Amino acid sequence: MHEVAPDLIGATLLVNGVGGVIVEVEAYHHTDPAAHSFRGPTLRNQVMFGPPGYTYVYRSYGIHWCINFVCEKAGSASAVLIRALEPTHGIAAMRRRRKLHDERSLCSGPGKVTQALGITHAHNALALDAPPMALYARASKPEIAAGVRVGITKAIELPWRYGLKGSRFLSKPF
DNA sequence: TAGGCGATGGTCT
DNA sequence: GACCATCGCCTAC
């Protein structure tokens with residue numbers, strides 16, 4: 001997982017042709033008290049205990065949706081939270097959904113990403129390589145920044161947040 | 001420009 | 001009944 005997470009930085013994520021380049025992610029797995037999978041499988045998180053390459057979508061604070069990629073081998077219950085994108089595809093559609101003109105704020109946070117891409121619980125447990133999802137590997141290796149994760153109350157010291165160094169589209173600087 | 005806080009609902013204890 | 005991997009508005013400086 002700690003190889004997958006930084007490798008996702010620079011990859012392109014599209015949902016129905018709308019999306020952009022991933023510039024910020026966080027890693028979680030089942031030995032990590034901050035992870036949803038820490039207490040074992042439940043109705044909500046069961047997709048994380050399945051095979052890699054699938055989406056895990058959950059509701060955050062009763063208001064927002066957040067999207068994760070399940071990774072590593074089946075049963076390890078690790079996932080990578082997509083926190084920010086650099087918008088490149090379907091910017092007009094994202095602006096419409098976000099009711100926003102500032103391109104920099106379109107996808108600079110996990111709740112914003114799902115709103116801009118139109119992701120809801122209907123997108124839970126979907127394969128990343130089949131419509132409406134699409135994930136494209138980056139062309140070259142970018143400079144990666146690492147830091148502590150954002151917005152959690154447990155295991156806050158683990159430096160499992162990864163980002164594209166110097167990007168203008170991060171949820172917050174490293 | 002930075003920090004406080006209310007909204008809001010699924011999930012787990 | 002409490003917790004929470006957030007956002008955006010409001011205020012104070």
Side-chain angles (χ1 to χ4, degrees), chain A residues 1-2 4-9 11 13 15 18-20 22-50 52 54-72 76-87 93-126 128 133 144-164 167-174:
Chain A
M1 168 188 62
H2 291 299
V4 176
D7 275 358
L8 278 173
I9 302 297
L13 168 68
V15 179
V18 174
I22 298 172
V23 297
E24 184 181 341
V25 300
E26 284 178 3
Y28 292 87
H29 74 130
H30 72 295
T31 62
D32 164 16
H36 289 173
S37 56
F38 180 61
R39 293 169 193 281
T42 65
L43 197 58
R44 172 176 62 156
N45 67 19
Q46 57 184 335
V47 60
M48 276 197 285
F49 292 84
Y54 283 79
T55 58
Y56 165 52
V57 178
Y58 69 95
R59 198 186 269 287
S60 169
Y61 291 89
I63 303 175
H64 308 286
W65 298 101
C66 294
I67 183 167
N68 295 250
F69 295 167
V70 178
C71 59
E72 223 166 64
S76 71
S78 54
V80 175
L81 170 68
I82 307 304
R83 289 193 53 88
L85 303 181
E86 175 177 342
M94 290 193 269
R95 274 204 237 271
R96 206 157 49 237
R97 290 182 183 132
R98 298 267 300 125
K99 299 180 170 54
L100 204 74
H101 298 292
D102 178 13
E103 191 172 308
R104 205 165 152 172
S105 307
L106 277 179
C107 299
S108 59
K112 301 179 190 178
V113 169
T114 53
Q115 189 181 12
L117 303 204
I119 293 169
T120 69
H121 61 104
H123 295 80
N124 188 36
L126 294 182
L128 285 171
M133 310 298 302
I144 307 288
V148 295
R149 294 176 291 180
V150 175
I152 56 173
T153 56
K154 297 167 193 142
I156 57 176
E157 72 286 356
L158 297 175
W160 290 355
R161 175 173 178 242
Y162 302 97
L164 178 61
S167 171
R168 298 165 47 241
F169 300 94
L170 300 171
S171 65
K172 49 171 70 172
F174 279 82

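All figures in this text were calculated on a predicted structure; none of them were measured in a lab. Numbers restart at 1 for each chain; the letters A, B, ... are given by sequence-line order, proteins then strands.
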Both distances below 3.5 Å, Watson-Crick or wobble geometry, any strand: find the nucleotide opposite dG4(B). dC9(C)
Please state how far atom [atom1] in [X] lies from atom [atom2] in [N], giving the value in whole angstrom units.
X	N	atom1	atom2	answer
Glu26(A)	dT6(C)	CD	P	7 Å
Lys172(A)	dG8(C)	NZ	P	14 Å
Tyr56(A)	dA5(C)	OH	P	10 Å
Leu106(A)	dT6(C)	CG	P	19 Å
Ile152(A)	dC4(C)	CD1	P	11 Å
Gln115(A)	dA7(B)	CD	P	19 Å
Lys112(A)	dC9(C)	NZ	C1'	13 Å
Glu24(A)	dT6(C)	CD	P	11 Å

Can you find a donor-acceptor N/O pair under 3.5 angstrom joining the side chain of Tyr61(A) to the base of dA5(C)? no
Which part of the nucleic acid, if any, lies within reach of [X] when heavy atoms closer than 4.0 Å are counted: base, sugar-phosphate only, or nothing?
X	answer
Arg161(A)	nothing
Lys154(A)	sugar-phosphate
Thr42(A)	sugar-phosphate
Arg44(A)	sugar-phosphate

Would you check, one step at a time, whether the test side-chain contact (heavy atoms from CB on, under 4.5 Å) holds for His64(A) with Lys112(A)? CA-CA 8 Å; His64(A) 308 286; Lys112(A) 301 179 190 178; over 6 Å; no
Candidate nucleotides dC12(B), dG8(C), dC7(C), ranked by approach to the side chain of Arg98(A) - the nearest: dG8(C)
When you check the phosphate oxygens OP1 and OP2 of [N], does a side-chain N or O of [X] lie under 4.0 Å from one of them?
X	N	answer
Ser171(A)	dT6(C)	no
Thr153(A)	dC3(C)	no
Arg83(A)	dT6(C)	yes
Arg59(A)	dC7(C)	no

Going through the distances and angles, do Glu24(A) and Ser171(A) end up as a side-chain hydrogen bond (donor to acceptor under 3.5 Å, both in side chains)? CA-CA 8 Å; Glu24(A) 184 181 341; Ser171(A) 65; 2.9 Å; yes
Taking the six-membered ring for Trp, are Tyr56(A) and His36(A) parallel (under 30°), tilted (30 to 60°) or perpendicular (over 60°)? perpendicular
Applying side-chain contact (heavy atoms from CB on, under 4.5 Å) to Val148(A) and Ile156(A), what does each step give before you reach the verdict? CA-CA 7 Å; Val148(A) 295; Ile156(A) 57 176; over 6 Å; no
Considering residues, nucleotides and ligands other than Tyr54(A), do more than 12 of their heavy atoms fall under 6.0 Å from its OH? no
Is Tyr28(A) stacked on the base of dA5(C), meaning ring centres closer than 5.5 Å and planes within 30 degrees of each other? yes
